[in-house]
Amino acid sequence: MESYGSLLRNARESKNLDLDKISREISIETRYLEGLESEDNGVFPGEAYLTGFLRNYANYLELDAEFILKLYRNKQIQETPLPQGLYGKKRPRFLIPGIVISSVFVLGIAAALTFFLLTKSKTDVDADVVLSNRVRNRQYELTDKKFTQRVYKGDQLLVPGASDGGQIVLTVRDTLSSFGLDTPSGVYYVELAEESEIDLSGNGISDMIVYVSDISSTDESRGAEISVLLRQGSYIAASSTSLDEIPLASDVRSSHQPKVIHEDNRAYPFTINASFRGSCLFRSKVDRADSVEAYFSRGEVFTATPQNGIRLWISNNNTVKFTILADSHSYDIDIGAAGQIFVEDIKWIRDTDGRYKLVVIELD
């Protein structure tokens with residue numbers, strides 16, 4: 001039988017990829033990647049994590065993820081010890097009649113008792129089932145704050161509308177192996193330890209980010225632990241960009257040359273998304289609001305939609321991946337160096353030709 005670990009290792013080596021690079025790109029720690037290649041299940045906190053990481057790693061290497069998972073499950077079956085009864089010693093034949101008679105007597109009493117209890121408590125059981133279903137089917141209203149919750153099949157996420165005050169209803173479709181969500185633009189699935197961007201309106205622009213931190217591959221009733229961030233201004237009402245507060249390029253004071261991300265003949269709100277690969281102390285100041293400081297860990301995300309600009313303080317740049325979304329265009333940006341503590345402005349400026357430029361400025 002083929003080894004799923006050797007298939008992963010051979011595919012990686014054939015592409016001349018090292019584990020550190022893959023770890024950074026798919027946000028799975030190196031020790032877990034090594035555990036998959038060596039088929040060492042002991043390094044994982046649970047089977048759900050193992051299968052989720054295995055699927056993501058196989059997809060990254062452009063392997064058939066379902067085939068890889070089948071090899072893993074076949075190995076688990078082969079390594080499972082036989083039940084003791086299959087190789088235990090036979091009982092003496094003269095004990096069989098006594099065992100059969102005793103078993104029939106006990107089963108008869110058990111059946112009568114079960115029938116009595118079921119008949120007596122049917123109303124109570126039905127009430128418990130209704131109560132259980134009512135508890136599980138809940139609605140959660142999303143805001144511009146990060147939402148983290150264990151949700152179950154049938155639960156609903158309510159996204160606020162920007163103009164008419166209405167709500168967009170998203171329904172949890174699946175919590176087995178992968179997280180499924182019904183949206184107006186279709187069904188989205190998110191795998192364990194995967195971060196997915198979702199377009200609610202079907203206009204090609206990401207409106208929210210969903211991250212799955214825990215989900216069972218065998219028990220749907222356990223639900224799924226998810227984190228959600230709204231990232232697009234079309235679903236969270238926001239004030240327009242104040243042109244009077246946009247500085248001229250000549251007024252920018254920094255010894256570092258501004259890096260232009262995007263330019264246009266007008267300025268408008270933009271979205272910044274930060275995905276954390278490791279622990280990091282992170283502070284942000286959006287427009288004229290007070291600065292907010294928080295400690296982020298691996299797998300968490302931060303998003304904001306500034307009208308004019310945002311200032312960032314970061315304790316370790318290597319742990320953060322930034323993406324900027326402006327006028328339906330997405331830009332991945334590199335800020336600072338590994339281990340560097342730095343302060344940056346990302347904001348609109350107006351050039352001498354009258355055009356507006358979205359720039360990154362390293363502050364002294």
Side-chain angles (χ1 to χ4, degrees), residues 27-28 44-56 59 65-66 69 72-73 76 118 121-161 166-202 206-232 235-236 275-276 296-303:
S27 298
I28 297 178
F44 298 95
E47 185 181 15
Y49 288 89
L50 190 155
T51 55
F53 292 158
L54 185 57
R55 182 189 297 274
N56 288 352
N59 286 333
E66 295 303 323
L69 286 168
Y72 161 72
R73 295 187 180 105
Q76 294 302 102
L118 288 176
S121 61
K122 182 178 185 302
T123 303
D124 294 335
V125 171
D126 289 344
D128 289 342
V129 171
V130 172
L131 177 61
S132 176
N133 289 336
R134 184 173 69 251
V135 170
R136 287 294 175 88
N137 294 332
R138 293 179 173 175
Q139 289 185 330
Y140 301 96
E141 294 189 4
L142 303 184
T143 67
D144 56 347
K145 306 298 183 183
K146 180 181 178 181
F147 170 83
T148 300
Q149 179 69 41
R150 180 169 293 276
V151 296
Y152 302 87
K153 186 175 181 180
D155 284 355
Q156 293 181 330
L157 308 180
L158 307 180
V159 180
Q167 292 179 317
I168 298 170
V169 179
L170 314 177
T171 304
V172 178
R173 181 188 185 97
D174 196 0
T175 58
L176 183 64
S177 296
S178 59
F179 175 71
L181 191 64
D182 280 322
T183 77
S185 59
V187 181
Y188 286 84
Y189 282 92
V190 186
E191 303 296 332
L192 176 66
E194 179 180 277
E195 178 186 303
S196 180
E197 299 189 9
I198 295 179
D199 172 15
L200 298 179
S201 59
S206 171
D207 297 308
M208 61 188 291
I209 303 168
V210 178
Y211 177 80
V212 179
S213 56
D214 182 53
I215 194 169
S216 173
S217 61
T218 58
D219 186 2
E220 182 181 64
S221 65
R222 283 184 52 193
E225 184 83 19
I226 65 170
S227 295
V228 180
L229 274 174
L230 299 178
R231 63 173 296 179
Q232 186 61 27
Y235 287 103
I236 295 292
S275 303
F276 293 84
F296 288 83
S297 58
R298 179 183 175 274
E300 294 188 308
V301 293
F302 164 87
T303 191

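The distance from the OG1 atom of T183 to the CD1 atom of I198 is 7.0 Å, given to the nearest 0.5 Å. Rounding to the nearest 0.5 Å gives a distance of 11.5 Å between CG of L54 and CG of L192. From L50, atom CG reaches atom CZ of R55 across 12.0 Å, with rounding to the nearest 0.5 Å. Here the CG-CG distance, from L181 to D155, works out to 11.0 Å after rounding to the nearest 0.5 Å. Separating the CE atom in M208 from the CG atom in L230 is a distance of 6.0 Å, to the nearest 0.5 Å.
Remark: Q149 engages no residue in a side-chain hydrogen bond (donor to acceptor under 3.5 Å, both in side chains) (not counting sequence neighbours). By the salt bridge (Lys or Arg N to Asp or Glu O under 4.0 Å) test, E300 pairs with K146, sequence neighbours left out. Listed by chain and number, the residues in a salt bridge (Lys or Arg N to Asp or Glu O under 4.0 Å) with D182 are R173 (sequence neighbours excluded). The side-chain hydrogen bond (donor to acceptor under 3.5 Å, both in side chains) search around N59 returns none, not counting sequence neighbours. For D214, the salt bridge (Lys or Arg N to Asp or Glu O under 4.0 Å) partners at least two apart in sequence or on another chain are R150, R222. For S178, the side chain to side chain contact (heavy atoms under 4.5 Å, CB included) partners at least two apart in sequence or on another chain are Y189, E191.
Under the 30°/60° scheme for interplanar angles, the aromatic rings of F296 and F276 are found to lie parallel.
Of all heavy-atom pairs spanning L176 and I215, the tightest one is N-CD1, 4.1 Å. Heavy atoms only, all atoms of each residue included: L142 and F147 are closest at CD2-CG, 3.6 Å. Taking each heavy atom of V190 and S196 in turn, the nearest pair found is CG2-CB, 3.6 Å. Minimum interatomic distance between Q139 and L158 (heavy atoms only, all atoms of both residues): OE1-CD1, 4.0 Å. In terms of heavy-atom proximity, V301 sits nearest to S275 at CG1-OG, 3.9 Å. Across every non-hydrogen atom of T148 and E225, the tightest pair is CG2-OE2, 3.6 Å.
With a 4.5 Å cut-off on side-chain heavy atoms, Y211 and L229 do not count as touching. Within the 4.5 Å cutoff, side-chain heavy atoms of I209 are placed close to those of E195.
Between the side chain of T171 and the backbone N or O of Q156 there is no donor-acceptor pair closer than 3.5 Å.
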Worksheet entry | Pair Y188-V210, side-chain contact (heavy atoms from CB on, under 4.5 Å): steps then yes or no | CA-CA 10 Å; Y188 286 84; V210 178; over 6 Å; no
